[in-house]
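For reference, the structure I am asking about is given below.
Quick note on labels: first sequence line is chain A, next is B, and so on, each numbered from 1.
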There are 2 protein chains.
Amino acid sequence: MARAATTSDAFNAIAEPQRREILVLLRDGERPVTELAQDLGMTQPQASKHLRVLREVGLVRVRGVGKQRLYGLDARGLRPLHEWLGGFERFWGESFDRLDEYLQELKQARRESA
Amino acid sequence: MARAATTSDAFNAIAEPQRREILVLLRDGERPVTELAQDLGMTQPQASKHLRVLREVGLVRVRGVGKQRLYGLDARGLRPLHEWLGGFERFWGESFDRLDEYLQELKQARRESA
DNA sequence: CAATCATATGCCCATATAGGCATGTGTCAA
DNA sequence: TTGACACATGCCTATATGGGCATATGATTG
C-alpha cells in the first residue's frame, strides 16, 4: 500500500511545505490564486493544485469575486493538529530547554551499558 | 517529483496515523518494539520501520537494554510543529467556536422573524 | 458573439511509500 | 557453540505524489 492521500486529513495536507506557506500567507486575509503563486515563486497550476488539496481537507475556502477566486484560511481545519499536539504540552518546557540534561542521561546510559 | 520523504521532517513523519499513535504511547514512558507492535495491532517489522522514521526525524530515541531496545519519546522533535501551529493561535477562539456564534445568530434571526 | 483575463484540469514521469513476508543481526543463556 | 529471543532489513508491489506543460473551463467586457 502506498502513503495515505494528501487529501486524507490535515496532517497529510500540511506535510507539504508549500502548502504550509500558503496557509501562512492566508493568515493575513483572502488572496487570489495568482498572487499566492507569485509570492511563493510557483506556477499558477501548482498553486491551484495545492489549494485544491487544502480545500478538500477544509483548511481553506473559496469565494468567487468576478473573474477571481479568493482563497481564505479556515483555521478550524487545524483543530485536529492542535488537539493532537496539545497532548504533548507537558513536554514543552521539560524537553525543549533541557538539552544538557538529555546529554547527561545519554552519558549515564552509556556508562550503564558499558 | 514525488512526495517528500517521510523522514524529511517531523511534519511528514507524523502524517502517518500509526506513527502518531506510537508517539502517544511513548508519552507514558519507554517501550520495547514488540510491546508497541502488540498494542497497536501491527506486525513487529511494521513497528520497527515506523520507529526508524521517527528516529530519523528526532522524535524518538533508542536505548539498548539487554536483548531489548527501549524507545522513548523525544518531544523536542515536535517543536517545529508547535511553533508553526502557534502562528495560528489567534484563530483558535475565533474559528473553533464559530459554531456557537452561528447558532446564536440563528436563534436571534428566528426571534426577529417571529 | 468574440476576445481576454483568472483558474482549474489533464497528462506524463520519477520517486518514495506502507504492507506482507522472509531473513539477517545482535544479545543472552546453557 | 548452539538455541532462543528481540529486533532490523531486504525485497516486492500498488499507489499517490509534485513538477512541468498544454489546454479546458468560467466569468467579464466590448
Salt bridge (charged side-chain N to carboxylate O under 4.0 Å, His left out) with A:Glu89: which residues, sequence neighbours excluded? none
Compare every heavy atom of A:Val53 with every heavy atom of A:Ala13, then report the nearest pair and how far apart it is. CB-CG1, 4.1 Å
Less than 3.5 Å apart, any donor N or O on the side chain of A:Ser48 or A:Gln44 sitting next to an acceptor on the other?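 Yes, side-chain donor-acceptor contact under 3.5 Å.
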Which two nucleotides bound the region of DNA chain D that has atoms under 4.0 Å from heavy atoms of chain A, read 5' to 3'? D:dT15 to D:dT28
When you measure from the side-chain N and O atoms of A:Tyr71 to the phosphate of C:dA6, is any distance below 4.0 Å, counting only OP1 and OP2?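 No, no such contact exists.
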Looking only at non-hydrogen atoms, find the nearest pair between B:Leu51 and B:Val33 and report the distance.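 Looking at all heavy atoms of both residues, the closest pair is CD1-CG2, 4.0 Å.
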Whichever of A:Ala4 and A:Gly66 has its nearest DNA chain D nucleotide further upstream toward 5': A:Ala4
Are B:Leu54 and B:Leu70 connected in the hydrophobic side-chain network, where two residues link if heavy atoms are under 4.5 Å apart? no
A:Phe91 and B:Ala75 have their tightest heavy-atom pair at CB-CB, 3.4 Å
For DNA chain C, the residues among residues 36-60 of chain B that have a non-hydrogen atom under 4.0 Å from it: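 Contacts with DNA chain C under 4.0 Å: B:Pro45, B:Gln46, B:Lys49, B:His50.
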All pairs passing side-chain hydrogen bond (donor to acceptor under 3.5 Å, both in side chains) where residues 21-33 of chain B contributes a residue, at least two apart: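 Qualifying pairs: B:Glu30-B:Arg63, B:Arg31-B:Glu35, B:Arg31-B:Asp39.
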For residues A:Asn12 and B:Arg3, is any side-chain donor paired with an opposing acceptor at under 3.5 Å? yes
Between C:dA6 (C1') and A:Arg69 (CZ): distance, integer Å: 10 Å
More 5' along DNA chain C: A:Thr34 or B:Lys67, using each one's nearest nucleotide? A:Thr34
Which atom pair, heavy atoms only, marks the closest approach of A:Leu26 to A:Gly72?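 For A:Leu26 versus A:Gly72, the nearest heavy atoms are CD1-C, 4.1 Å.
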Residues within residues 8-20 of chain B bordering DNA chain D, heavy-atom distance below 4.0 Å: none
With sequence neighbours left out, write down each residue that passes side-chain hydrogen bond (donor to acceptor under 3.5 Å, both in side chains) with A:Arg69, or none if nothing qualifies. none
